[in-house]
Structures are given as structure tokens and as C-alpha cells.
Amino acid sequence: MKFFVDTAQADDIRELNDYGLLDGVTTNPSLIAKSGRDFKTVVGEICAIVDGPVSAEVAALDFDSMLREAHTLAAIADNVVVKLPLTLDGLKACRRLSGAGINTNVTLCFSANQALLAAKAGATYVSPFIGRLDDINLDGMALINEMRAIYDNYDFSTQILAASIRNANHVKDAALAGADVATIPPAVIRGLVSHILTDKGLDQFIRDWQATGQSI
Ligand code: E4P
């Protein structure tokens, strides 16, 4: 499973990229607003840090304006992926952009039928929002399982990008369910490495090693 980081904060992206843990980045209008910075400048900066795909979302709701914004975003860098909402106009824009060789991420997916439509529209990625489904007492991971089965049934090449991930269990369960990618907040990525027995074991090894008086 590929790891994307779900943030518009360049410092976090730089740090995680330096660890070699990142395959790509996703942003959304709320994350851009939180950064307090100019959208296109931030996207350009992120694209220069990470080799992999960087999702940047259109703000328009109608087809013509979406296409115009999509072309503006795609011109920022070769690794920009245009993020489109899962609406009829968004799907129409997705079909047009994928025909023009522009990578797309259809976002705000909450049902298997929506995911089927996005794949039929030629989406490169579709983003099911696990955490937001869990928030309303639905089963976010069940949607990933349904999407995996449907995409495999028909050999869709659209990649399942598990989104709205809130904790380490979401990451593990998305991997078990066969998601192609998970987009994960920086703090959750850092937390994946932690285990109390790793800390305890390392502490013991260091103390025993120091007692030998040796150096390497
Ligand atoms: C995905 O691309 C979205 O940016 C993100 O995962 C949304 O997560 P949230 O529900 O925590 O806002």
C-alpha cells in the first residue's frame, strides 16, 4: 500500500519525505485554508519536495469552471493530480481530463455506487472517506472492501485511495482490505512506528551494550 500524507504543511511533508516514507501528498480546500498560504504557491512547493502524485482540488462546482481550474492546477507541475468532487459535473470533468492524460482523484466518495461511477469516468484515484463514515456510525472500512471487490470484478485500474484516516487501525485495516493507497495525517504516520515493546527492548539492548565497554 502506498503512503500519501494528507496535509498542506511543507515542513511535515519535507520531514516525512526525508525518512523515505512518502509516495505522494493530498491536499483539500480545508487544509489549504488551515495553512493560511496561497494555494498555487503551496502546491508548487509541495510538488518540488515530493516526486510522487500531489492532489490539488478544484473549487468550482460546474463543469466548465472545473475544467478551467483543472488545467490551471495541472500546469503547476507534472506530478499534480486534479482532485474533483463526486458530482455529475465532477465525473464529466474526470472523463474529459482522463481523456487528455491528466491524472484525477475523485473525492468525497461515500458509497460503492459512487465509486463505480468514478471508475467508469476513468478516475486515476477515488477517495473513500473512512473516518467521516465512522463519524456517523457507518462502517468506513466496509466501503473499502466493497470497492476492492467491484474494481477487481471488472479489472478497473482506478486506485482506491483510503482517505479521512484518523488512526493506526484505519491504516492497518485499509491495507488488509487491499486499498492501493492510504492518505494519512502526519501525526498518524509518525505514530505507526511506536510500540512499547520496541522502546523497552531498545532500552535494554543499549544498557547491555554499554556494559560490554565495546564500540563499533
Ligand atoms: C482526502 O484527500 C482528504 O483530504 C482527507 O482525507 C479528509 O480527511 P478528514 O475527514 O479527516 O477531513
Side-chain angles (χ1 to χ4, degrees), residues 1-10 12-13 16-17 21-37 39-40 42-43 45-47 49-50 52-60 66 69-70 73-74 76 79-87 90-91 93-94 97 102-111 114-115 118-119 121 123-144 147 158-175 177 179-192:
M1 185 170 73
K2 282 174 267 184
F3 273 29
F4 291 179
V5 65
D6 196 28
T7 185
Q9 303 295 335
D12 284 324
I13 294 167
L16 293 165
N17 193 55
L21 291 175
L22 283 195
D23 299 298
V25 179
T26 54
T27 65
N28 65 38
S30 305
L31 293 170
I32 295 295
K34 197 171 155 195
S35 79
R37 300 182 59 211
F39 181 28
K40 287 177 256 181
V42 173
V43 171
E45 194 174 305
I46 296 171
C47 287
I49 299 170
V50 179
V54 175
S55 289
E57 187 162 342
V58 299
M66 275 185 197
E69 291 184 1
L73 294 173
I76 295 175
N79 51 337
V80 165
V81 172
V82 175
K83 214 170 173 187
L84 301 157
L86 214 157
T87 60
L91 292 174
C94 178
L97 292 168
I102 294 175
N103 288 326
T104 54
N105 173 1
V106 177
T107 189
L108 291 167
C109 176
F110 293 97
S111 79
Q114 288 181 321
T124 314
Y125 303 95
V126 176
S127 294
F129 276 37
I130 297 170
R132 293 192 195 188
L133 282 167
D134 289 357
D135 288 345
I136 58 165
N137 295 322
L138 294 174
D139 185 350
M141 212 49 66
L143 174 57
I144 305 277
M147 286 174 67
T158 299
Q159 296 186 48
I160 301 171
L161 200 174
S164 188
I165 283 192
R166 304 277 168 76
N167 54 53
N169 280 338
H170 277 159
V171 177
K172 179 188 70 174
D173 291 341
D180 300 287
V181 190
T183 188
I184 315 169
V188 175
I189 295 184
R190 291 189 194 98
L192 295 178

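Since the structure is predicted, the reported quantities are computational estimates derived from the model, not experimental observations. Whatever order the structure lists ligands and atoms in, that order sets their numbers, starting from 1. Positions are given from 1 along the sequence.
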Side-chain donor or acceptor of [X] paired with backbone N/O of [Y] under 3.5 Å:
X	Y	value
Lys40	Ile76	no
Ser127	Leu108	no
Thr104	Thr124	yes

Ligand 1 N/O within reach of [X] N/O, cut-off under 3.5 Å:
X	result
Lys83	yes
Ser164	yes
Thr107	no
Asn105	no

Checklist line | Shortest non-hydrogen separation from Asp23 to Pro53 and the atoms involved | finding: O-CD, 3.3 Å
If you have a sec, work out which protein heavy atom is nearest [atom] and how many Å separate them, to one decimal?
atom	result
atom 4 (O) of ligand 1	Asn28 ND2, 2.7 Å
atom 11 (O) of ligand 1	Arg166 NE, 3.3 Å
atom 12 (O) of ligand 1	Arg132 NH2, 2.8 Å

Next item on the list: Would you indicate whether the side-chain heavy atoms of Leu97 and Met66 approach each other to under 4.5 Å?
Entry: no
Checklist line | Heavy-atom side-chain contact between His170 and Asp134 under 4.5 Å | finding: yes
Next item on the list: Check each atom of ligand 1 against the heavy atoms of Ala163 and keep those under 4.0 Å away; list them by number with element.
Entry: 1 (C), 6 (O)
Note to self: Only heavy atoms of Phe129, strictly under 4.0 Å: list the atoms of ligand 1 that pass.
What the structure shows: 1 (C), 3 (C), 7 (C)
Next item on the list: Applying salt bridge (Lys or Arg N to Asp or Glu O under 4.0 Å), name anything that partners Asp180, two or more places apart in sequence or on another chain.
Entry: Arg148
Notebook entry, point to check: Does some non-hydrogen atom of Asp6 fall short of 4.0 Å from ligand 1?
Noted result: yes
